[in-house]
Novice: 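There's a structure below that I have some questions on.
When a residue number appears, it is its place in the shown sequence, counting from 1.
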Amino acid sequence: TTCEMGPRCNEINLKKKYLTMKKILFSFCLILITVVLFAQEKPLNVVVLGAHPDDCEGDAGGLALLYAKLGHNVKFVSLTNGDAGHYAMGGGMLAKVRMAEAQEAGKRLGVKEYVVMDNHDGELMPTLENRLKVIREIRKWNADLVIGPRPNDYHPDHRYTAILMQDAAFMVVVPNIAPDVPALKKNPVFIYAEDRFQKPNPFEADIAIDIDEIFEKKIYGMAAHASQYFEWLPWLAGNLDQIPADEAGRLDYLGKRRTFRPGPSTQASLISWYGEKGETVKHAEAFEICEYGKQPDEKEILRLFPMLPR
């Protein structure tokens, strides 16, 4: 139809075109924002390596809880089945107990998968066979981040777990190594969990995570390993008679045993990442960047540790 309003009609038509363009632009912006947010929220894949069932929980149980809370994927891998760590039982019977404890601990901590390798406790060696096993586990998880112990430790299984992690750090991207599992397209970041050994060099915290708000949940997860925290370790320490019989008492006991004042290096890292709040943190998990694997800058660290403040 022909508009009989002259200039006024043209003005109305221009407004209609403007509103239509505005709607199109708004829809485009919504799509763009959705794409960006989706890219930012792609779940991280994290592998934690330990020598025994219960090692991963102590080193990174709090971190696992925080990742799970944010929707990321964590896998624990124990390189031995823990069949020697007890005073009253051992072998296959103990291995079954420890497997069940590991699976329960994983559920409590929000871990998506808990792998227990069938290597004997106290007999782990950094063989090619075990190296390939570690490479495969890291690849199958498409890991962005791998956490394990430092090679400075009193226990040979802990030391050799560290060596195996180091040996896998480059090989995970080499297609002709363990070709039955596709090589990773990019090298993960490898980091060490905190320890208190001083020689040949002390632990240096590059990253420290405040776990105050979920510390009790971490303790609850660790407590699933009853054969260790309420039997084997107290027996070694000579205080088995001090272990409470009830769950609440045991959780209180374990919580007190696992409360450590952050050391100078961890304290400095907490302050670096959290500012003044870092001075008041009571419970933390700290990590040192391994020289092998991808070397992250601050932007990459913040991507890998989304629980850190921006």
Novice: Is a donor from one side chain sitting under 3.5 angstrom from an acceptor on the other, for Asn119 and Asn130?
Specialist: yes

Novice: Taking the side chain as every heavy atom from C-beta outward, state whether Phe190 and Glu291 have any pair of such atoms under 4.5 Å apart.
Specialist: no

Novice: Can you list every pair that meets salt bridge (Lys or Arg N to Asp or Glu O under 4.0 Å) and has a residue in residues 152-161, with sequence neighbours left out?
Specialist: none

Novice: Could you tell me if Lys294 and Asn187 have a donor-acceptor pair between their side chains, going purely by distance under 3.5 Å?
Specialist: no

Novice: Could you measure the distance from the CD atom of Gln166 to the CZ atom of Arg150? Nearest 0.5 Å is fine.
Specialist: 10.5 Å

Novice: To the nearest 0.5 Å, what is the distance between CD1 on Ile243 and CG on Asp246?
Specialist: 11.5 Å

Novice: Would you check if Pro188 and Val172 make a side-chain contact, meaning some heavy-atom pair closer than 4.5 Å?
Specialist: yes

Novice: Given the side-chain rings of Phe76 and Tyr114, with only the six-membered ring counted for Trp, is the space between their centroids under 6.0 Å?
Specialist: yes

Novice: More than 12 non-hydrogen atoms from neighbouring residues, nucleotides or ligands closer than 6.0 Å to NZ on Lys299, yes or no?
Specialist: no

Novice: Should the pair Tyr87 and Trp235 be assigned to parallel (<30°), tilted (30 to 60°) or perpendicular (>60°) ring geometry?
Specialist: parallel

Novice: Does Arg108 make a cation-pi contact with Tyr220, if we ask for NZ or CZ under 6.0 Å from the ring centre and within 45° of the axis?
Specialist: yes

Novice: Name the residue from Asp83, Asp54, Asp55, Asp118 that meets the salt bridge (Lys or Arg N to Asp or Glu O under 4.0 Å) definition with Arg98.
Specialist: Asp54

Novice: Less than 4.5 Å apart, any side-chain heavy atom of Val115 and any of Lys75?
Specialist: yes

Novice: Is a side-chain N or O of Asn239 found less than 3.5 angstrom from the main chain of Gln242, in a donor-acceptor match?
Specialist: no

Novice: Is the CE atom of Met93 crowded by more than 12 outside heavy atoms at less than 6.0 Å?
Specialist: no

Novice: For a 4.5 angstrom cut-off between non-hydrogen side-chain atoms, does Trp273 reach Leu302?
Specialist: yes

Novice: Roughly how far apart are Ser269 OG and Glu194 CD, rounded to 0.5 Å?
Specialist: 9.5 Å

Novice: Would you give the length of the straight line joining atom NE2 of His52 to atom NE2 of His155, rounded to the nearest 0.5 angstrom?
Specialist: 4.0 Å

